[in-house]
Amino acid sequence: MKDFGYARANDVGEAVTALATAGTAVIAGGTELLNWMRLGITEPDQVVDIGGVEELRGIDFDGDHLVIGALATLNDVEGNFLVQQHAAALASACRQAASAQLRNRTTIGGNVLQRTRCPYFRTEEPVPWPCNKRAPGSGCASLHGRHERQAVLGWTDDCVAVQPSDPAVALAVLDAEVDVVGRSGRRSISMRDFHLSQAEAAVLDNGPDGLQRENRLDVGELIVAYRVPVHDGEQSAYVKVRQRASYEYAIVSAAASLRSAGSTIVSARVALGSVAQRPWRLPQAEQALAGQPLTREVLTAAVGAALEDARPLPNNAYKVAMARNAAVRALLMAGADL
Amino acid sequence: MPDERTTLEFAREIDVQITVNGEDVAARVSPRTTLLDWLRESVGLTGAKKGCNEGACGTCTVLVDGGRMNGCLTLVVQCDGRTVTTVEGLAGMGGELHPVQQSFLHHDAFQCGYCTPGQLLSAVACIAEGHATDEATVREWMSGNICRCAAYPQITAAVLAAGAGMEEGSR
């Protein structure tokens, strides 16, 4: 890890001012940044520590929204009664992420900014194989190499990686907004659209750095808080499918939120995780499910139809079926509480 | 709008004051130094181990202000003003073992011992958090500590017994 200058920000203004200088990284939990610096994914000249910024802390309920500060750790979020009560999918996603000791450090602000677990990407400098995210223009070793865990939606020939965050999938299904601040002020971004697939990133920035762009946070912007709308009578759930029962990244995951009248679905929302470089909502299935009976057959047909445009790679078609089944399970779990 | 009155001073050496196992330690550190490296190389406490150095194995687990954390993913500058407990700080002043250490011995909860310092600290926190309730819960909340000898059944039993015993003792 290369040496860097270090300073502690006392407030958001100081942090944002510091971030305007090129080569400045922000640290909160540090669980991603330290590994990036070790591998050479990023090599900042200076690091601004926002861990002491009080206004980024806390989890509150304002009557309509849960307001979750960026510095809330994943254990803070999963253990919070208000989150458990009003956003069960988010509590569950946080609880199933990483390990107990990592969740004491990892913040909900930083978590959604984690980068892919693609093994071709997560390698030490000098990178011994093509990776467009590490060396723009070098190619994608995974496309014609190992890609069993990679994307089935939204990928391009330039990159087939997936976004591994669990909380991001829950935030997307819950229609959460993320508040961000930069030199030009504050704005909100829907977590439905916060992350970018490779195809979307190429449209936004078709230059050599386009594949570095994985979300809509601009350079120099900082995540302040999430606002999660609370709808009475709606229940949510999160299903994570992985190779071991705990402390492992998802092969696929699914988050669902549901409102029903008896055994009839009034409204449903569903998002898939680890199938693309972004949480993948299924609007076609959501529309088809309104007014339908809450049965496994109906759910399987609707989700299956919505996944017909999936584009699996030669060795990961299993993920489409697995994602469909995870989505059905998440919808049934959300419905079981009603 | 962001306040531009203040410009932060970025330093390449930082003074920290940290309470380690009950003793106040003052040090001047490079910002890139991890808590794990500092404990091992500067303080001389080699109980916390450097296994994977990327947050995958848990053998560097220590307590920071009572919460368990991976020492390899924590900068020592982030611990300024805090209290750190390592495995060397678990036993009593007279050398009597901590109830969790005693329970690991009793249940034969290790083979090679490399992961044990991290397992012990994680177990102390797991019990304090209230997660030592049943086998499945202990396995879930101890999953961040890998044991390649696979002493998991014994570790789980040791954590459950220590948790029950400590609850008994506190009555």
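In the text below, chain A, chain B and the rest are named by the order of the sequence lines, each starting its count at 1.
- Side chain to side chain, B/R139 and A/S246 fail the donor-acceptor criterion of an N or O pair below 3.5 Å.
- Between B/E129 and A/N75, the side chains place no donor N or O within less than 3.5 Å of an acceptor N or O (distance only, hydrogens not considered).
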Subject >> side chain to side chain contact (heavy atoms under 4.5 Å, CB included) between B/T7 and A/E14, intermediate numbers included >> reply: CA-CA 7 Å; B/T7 305; A/E14 282 185 358; over 6 Å; no

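- Residue with the most contacts toward chain A among B/A125, B/C72, B/A11, B/C126: B/A11 (heavy-atom pairs, distance under 4.5 Å).
- No side-chain donor-acceptor contact under 3.5 Å links A/N104 to the backbone of B/G67.
- No side-chain donor-acceptor contact under 3.5 Å links B/N70 and A/T31.
- For the residue pair B/E54 and A/N35, the shortest heavy atom distance occurs at O-ND2, 3.1 Å.
- A donor-acceptor pair is defined here as one N or O able to donate and one able to accept, closer than 3.5 Å; no such pair exists between the side chain of A/Y6 and the backbone of B/E13.
- Of the possible donor and acceptor atoms, none in the side chain of A/R105 sits under 3.5 Å from a partner among the backbone N and O of B/M69.
- Atom CD in B/E9 sits 14.0 Å away from atom CZ in A/R8 (nearest 0.5 Å).
- The candidate with the highest count of non-hydrogen atom pairs below 4.5 Å against chain A, out of B/V64, B/D80, B/T33, is B/D80.
- When side chains are defined from C-beta on, B/I146 counts as touching A/Y247, because their heavy atoms get closer than 4.5 Å.
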